[in-house]
Amino acid sequence: MNKNYNHVKAEEEIYKLWEKYGLFSPEGSFSYRKKAGLNTREETFCVLMPPPNANAPLHCGHVTYTIQDLVARVKRMRGYKTLYLPGTDHAGFETQVVYERKLKKGGKSRLDFDKDTLFTEILNFVEENSDLAIDQLKKLGMSADWSRTVFMLEDKVVETVYDTFEKMHEDGLIYRDNYMVNYSTFHGTTFSNLETTHKETISPLYYVKYKVKGEEDHVTVATVRPETIYADVAIAVNPNDSRYDNLIGKKVINPLNGGELPIIEDGFVDAEFGTGALKITPGHDFNDYKIGERHELPVLTVIGLDGKMTEAAKEVEGMYPKPARRKVVEILERAGALEKTDENYEHGLLVDYKDGRPIEPLPLPNWFIKMEGLTQKAIKSIENGEIDFYLPRWKREILRWLKEIQDWPVSRQIVFGIEMPIWYPIKKIPNLRVTFIDNKGISHEGKIGELLEEYSIDAIKAGIQRVIAPLGAPYVVSRKSPGRDFIRETDTFDTWFSSGQWPLTTLGFPDNEDFLEYFPTDFMDTMWDILFFWIARMIIMSLYLTDEVPFKNVYIHGAITDEKGRKMSKSKGNVIDPMDLVYKYGADALRMGLLVGGNTLAKNTALSENKVRGYRNFANKIWNMARFMEMYREEESLIYQSIEDIDLDKEDREILEELNNLIRSVNNELEKYRISDAGEAIYQFMWHTVADQYIEEIKERKDKERALSVLYYVYTECLKLLHPFMPFVTEKIWQEIAGKDAPPLIISDWPSEISLDG
RNA sequence: GGGUGGUUAACUCAGUUGGUCAGAGUACCUCGCUUACAUCGAGGAAGCCGUAGGUUCGAGUCCUACACCACCCACCA
């Protein structure tokens with residue numbers, strides 16, 4: 001053995017060894033254990049890997065995957081038939097955004113391609129880099145069964161997703177509705193509520209005067225969006241606001257287009273805010289939409305899907321809302337309709353989570369899933385304790401969300417995703433709006449009935465970019481084209497619709513052997529940020545399809561921050577590449593830095609190079625403990641006795657007793673997922689008890705053979721306990737000292753206490 | 001507006017039913033290159049456990065209020 005442990009060489013060598021013996025597959029490790037006479041039990045244990053993006057390198061957050069790996073390794077050593085099932089995600093929207101940025105550099109945009117071409121190009125892009133994440137996960141030591149790797153867009157996943165959609169459709173859970181959606185004109189797609197956020201912004205608040213019809217009087221309304229005045233349909237005041245009593249039932253004149261707007265009463269209006277009068281614009285505001293519904297007001301829009309003001313916005317047609325706003329303000333000012341402007345009004349601007357670009361609330365036909373019945377089941381299961389969340393607060397959080405949940409808009413207007421199995425009969429829908437690229441590369445948009453006069457149906461379908469069917473249009477649910485006169489819905493499924501079925505699709509619901517054997521799974525770990533997005537959806541979907549929860553334990557870990565507890569971000573320049581640390585200090589050290597150096601259950605966990613370096617030193621320490629034993633073994637030709645045969649003296653008994661205590665407390669802590677406590681205990685015992693005390697004593701002892709036999713026993717039991725934390729160095733040492741015939745450490749029996757009676 | 005988490009040594013954090021609970025790692029200081037390891041060893045300094053009250057024989061630990069930090073949900077134009 002070398003004086004220093006070489007993690008770079010050893011980690012590569014050891015990972016190959018595990019792969020060579022096929023020990024990551026449950027069958028492989030199970031049969032090896034059986035053959036070697038190790039403990040086996042008939043129970044299975046399954047951990048699903050949250051699929052990382054197929055095409056992106058890992059970031060520090062992915063180091064938390066070592067939590068799953070640790071849990072899987074412990075169970076494997078305990079004799080469970082253990083499956084750690086990996087996969088990768090297409091990350092539809094995320095990937096498309098990355099690809100679009102790439103296109104932009106080449107002077108192009110998504111709008112230059114028909115949808116099938118764009119999809120293929122993005123898929124190729126993903127495939128070029130698809131092994132990146134997997135290779136890096138291997139470097140971290142993940143003991144996942146890569147032969148079972150599932151990619152989110154592969155056929156069996158897509159087929160299951162379609163099965164589910166068809167079932168939901170038959171069950172009447174799918175509907176299409178004109179609904180206020182979070183539309184990003186920049187990205188060209190809608191977002192769910194979870195994918196939007198409010199950004200503190202300072203914008204001018206304009207006080208606009210609306211003249212009362214037939215009177216000299218006027219009503220003043222405060223708004224940050226005067227450009228939408230064209231789409232106003234009413235003015236609302238609070239019923240208890242006596243200031244406006246005399247105006248109820250009267251009408252005001254729209255200062256921009258001269259239209260007549262009724263003055264209505266609605267309890268939503270806050271009399272304290274602004275002037276107490278609110279302009280109602282159902283086409284461009286969520287609350288106004290609801291108020292409009294209550295009062296049966298029309299829905300007008302003046303902003304198109306392209307983000308530009310429409311024809312209805314007369315003077316500012318074709319402009320983007322911001323410049324349009326400036327121009328409208330000028331117009332209002334000139335007309336004397338602008339009372340005043342509060343330049344420093346602070347408010348929350350609705351933006352998308354990805355780029356922080358403004359969200360335009362727009363009424364748009366979308367596909368929805370009725371959630372009420374689905375969530376009831378989930379709420380019940382969680383309340384019954386069928387899933388252990390470990391920390392009560394996550395259970396509370398998920399229940400709160402489930403109880404407030406609204407219907408789920410599952411259609412996205414992006415190309416890179418699973419296409420919806422929906423087809424429209426074009427003959428029956430002449431006003432179906434279609435955008436397509438002709439063979440000269442020119443884009444056309446219009447009603448299908450009119451386009452067909454000029455272009456053939458096949459030409460249109462070949463260049464299709466987007467289809468928007470009017471509300472109530474007939475459609476057919478089908479995976480394949482029902483005929484030449486049908487055109488496919490261009491919307492794709494929300495990524496979370498497919499990943500929400502991950503436990504089912506990966507295992508092969510409904511009848512695959514793996515599904516029958518491993519579902520429901522046992523352990524799920526993610527960060528709290530996708531508790532609603534993913535965990536909740538998986539629970540809902542599993543209960544819907546199988547009546548069972550998808551997993552029994554949910555471990556929610558915190559965000560990985562830099563050493564000062566700050567979020568890692570490119571702009572702050574504090575991003576750590578986990579692979580750098582793996583290279584510098586070893587995957588074991590990195591794993592320990594996270595699992596033991598911090599508390600992964602906290603909201604945040606700080607990761608620092610210092611910590612990792614400390615655990616690299618620990619790896620070297622235990623390496624040298626082995627060297628110490630090997631040195632004596634060789635020099636004095638010792639043959640270790642098995643622990644049962646040793647006539648123990650007092651010091652031996654003491655150390656063995658302490659080992660028993662360690663095993664007990666490690667089991668205890670792991671049982672409660674107190675991972676860092678378990679790791680800390682092993683660390684302390686090996687370094688400060690075994691090395692600093694027991695080994696130092698041995699140097700003085702005369703009965704070296706006996707003492708070293710005890711030491712060997714204690715030390716190797718510690719290696720086993722430590723293995724799930726630091727799989728590489730422990731296995732490497734084991735390979736050096738245990739002899740060629742010993743089964744690899746990864747599948748050796750988990751330590752149990754020994755009897756010290758008599 | 002509603003809610004959650006946090007505030008313990010210079011830094012990152014433990015401290016699980018109130019009574020060796022004032023701890024660990026890193027950093028720091030002193031000494032030591034002693035044939036397992038200097039990626040080491042021996043030793044050391046270091047904290048009014050956020051603030052103010054309260055319960056108790058006894059409180060980082062329970063209660064109340066407050067302050068500050070971080071985050072989540074909702075969004076009043």
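Note that the structure is predicted; figures quoted are calculated from it, not measured. The sequence lines fix the lettering, A, B, ..., with proteins before strands; numbering per chain opens at 1.
With sequence neighbours excluded, no residue satisfies ring-ring contact (aromatic ring centres under 6.0 Å, His included) with A:Phe725. When the salt bridge (Lys or Arg N to Asp or Glu O under 4.0 Å) test is applied to A:Glu383, the partners found at least two apart in sequence or on another chain are A:Lys403.
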Any N/O pairs under 3.5 Å between the protein and nucleotides 9-17 of chain B? List them or say none.
from  : atom 1 : to       : atom 2 : distance (Å)
B:U12 : O2'    : A:Lys611 : NZ     : 2.8
B:A14 : OP1    : A:Asn599 : ND2    : 2.9
B:G15 : OP1    : A:Arg674 : NH2    : 2.5

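If you take atom C1' in B:C21 and the same atom in B:C49, they sit 10 Å apart, rounded to whole Å. On the C1' atoms, B:G41 is 43 Å away from B:U51, given to the nearest whole Å. The gap from the P atom of B:A65 to that of B:C48 amounts to 27 Å, rounded to the nearest Å. Comparing B:C28 with B:U34, their C1' atoms sit 25 Å apart, to the nearest whole Å. Here the separation of B:A70 from B:A9, taken at their C1' atoms, is 23 Å to the nearest Å. Comparing B:C69 with B:G58, their P atoms sit 35 Å apart, to the nearest whole Å. Using P as the reference atom, B:G50 and B:C11 are 14 Å apart when rounded to the nearest Å. If you take atom C1' in B:G6 and the same atom in B:C13, they sit 12 Å apart, rounded to whole Å.
Between the CD atom of A:Gln406 and the C1' atom of B:C75 there is a distance of 13 Å, given to the nearest Å. Distance A:Met1 CE to B:A36 P: 14 Å, rounded to the nearest Å. One interatomic measurement links the two molecules: CD1 of A:Ile556 to P of B:C71, which rounds to 19 Å at whole-angstrom precision. Across the protein-nucleic acid pair, A:Tyr585 atom OH and B:U39 atom C1' stand 10 Å apart, rounded to whole Å. Distance CG (A:Asn624) to C1' (B:U35): 12 Å, rounded to an integer number of Å. When rounded to the nearest whole Å, the span between CG of A:Leu590 and P of B:G25 equals 21 Å. Counting to the nearest Å, the C1' atom of B:U35 and the CZ atom of A:Arg627 are 10 Å from each other. In this structure, the CG atom of A:Asn193 is 15 Å from the C1' atom of B:C72, given to the nearest Å.
The partner of B:A22 cannot be assigned: no Watson-Crick or G-U wobble pair with both contacts below 3.5 Å exists in any strand. Of all nucleotides present, none satisfies the Watson-Crick or G-U wobble test against B:U61 with each distance under 3.5 Å. In this structure B:C48 sits in no base pair that meets the Watson-Crick or G-U test at under 3.5 Å. Taking a pair to require two hydrogen-bonding distances under 3.5 Å in either a Watson-Crick or a G-U wobble arrangement, B:G32 pairs with B:C40. Across all strands shown, the partner of B:A67 is B:U7, judged by Watson-Crick or G-U wobble contacts whose two distances both fall under 3.5 Å. Under the Watson-Crick or G-U wobble criterion, with both distances below 3.5 Å, B:U56 is left unpaired in every strand shown.
Contact annotation for A:Asn610: backbone-only contact, meaning every heavy-atom pair under 4.0 Å involves sugar-phosphate atoms and none involves a base. Heavy atoms of A:Ala691 sit under 4.0 angstrom from at least one base atom. At the heavy-atom level, A:Met631 lies under 4.0 Å from the strands shown only through sugar-phosphate atoms. No contact: A:Ser608 has no heavy atom under 4.0 Å from any strand. As judged by a 4.0 angstrom heavy-atom cut-off over every strand, A:Leu350 is placed among residues making no nucleic acid contact.
Each of B:A36, B:A77, B:G41 was ranked by its minimum atom distance to the side chain of A:Asp692; first place goes to B:G41. Comparing B:C40, B:A36, B:A24 by their closest approach to the side chain of A:Asn617 singles out B:C40. Distances were taken from every side-chain heavy atom of A:Arg400 (C-beta onward) to each of B:C72, B:G41, B:A24; the shortest belongs to B:C72. Out of B:C37, B:G25, B:C71, the shortest distance to the side chain of A:Trp528 is found at B:C71. The side chain of A:Glu680 sits closest to B:A24 out of B:A36, B:C72, B:A24. Closest to the side chain of A:Ala222, from the set B:A77, B:A36, B:G25, is B:A77. Distance from the side chain of A:Lys3 is smallest for B:A38 among the nucleotides B:C75, B:C73, B:A38. Of the candidates B:C40, B:U4, B:G25, B:U4 carries the atom nearest the A:Arg393 side chain, counting heavy atoms from C-beta on. Considering only the side chain of A:Lys603, B:G5 comes nearest among B:G5, B:C40, B:G41. Minimum atom distance to the side chain of A:Tyr345 is reached by B:A77, of the listed B:A36, B:U39, B:A77.
A salt bridge is absent between A:Glu293 and A:Lys290; no separation between the charged side-chain nitrogens and carboxylate oxygens falls under 4.0 Å.
A donor-acceptor contact under 3.5 angstrom links the side-chain atoms of A:Glu696 to the base of B:A36.
One finds a side-chain N or O of A:Trp687 lying less than 4.0 angstrom from the OP1 or OP2 phosphate oxygen of B:G41. An OP1 or OP2 oxygen of B:G23 is reached within less than 4.0 angstrom by no side-chain nitrogen or oxygen of A:His688.
Ring geometry, A:Tyr353 versus A:Phe191: the interplanar angle exceeds 60°, so the pair is classed perpendicular (tilted spans 30 to 60°). Using cut-offs of 30° and 60° for the angle between ring planes, the A:Tyr683 and A:Phe618 rings count as tilted. By the 30° and 60° cut-offs, the orientation of the rings of A:Tyr345 relative to A:Phe273 is perpendicular.
Shown here, B:G60 is classed syn by the O4'-C1'-N9-C4 or O4'-C1'-N1-C2 angle, which is within 90° of 0.
Residue A:Lys699 is the one, among A:Thr196 and A:Lys699, whose nearest nucleotide of RNA chain B lies closer to the 5' end (criterion: closest heavy atom). Along RNA chain B, the nucleotide closest to A:Tyr615 and the one closest to A:Ala626 are compared, and the more 5′ of them pairs with A:Tyr615.
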I would like to know whether A:Trp394 and A:Val554 meet side-chain contact (heavy atoms from CB on, under 4.5 Å); could you show each step before the answer?
CA-CA 9 Å; A:Trp394 301 124; A:Val554 173; over 6 Å; no
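Annotation: cation-pi pair A:Lys395/A:Phe389 absent, no NZ/CZ under 6.0 Å from the ring centroid and within 45° of its normal.
Judged by distance alone, the side chain of A:His295 and the main-chain N or O of A:Gly292 form no donor-acceptor pair under 3.5 Å. In this structure a side-chain-to-backbone donor-acceptor pair under 3.5 Å is present from A:Arg591 to A:Pro724.
Judged by distance alone, the side chains of A:Asn610 and A:Arg613 do bring a donor and an acceptor atom under 3.5 Å apart.
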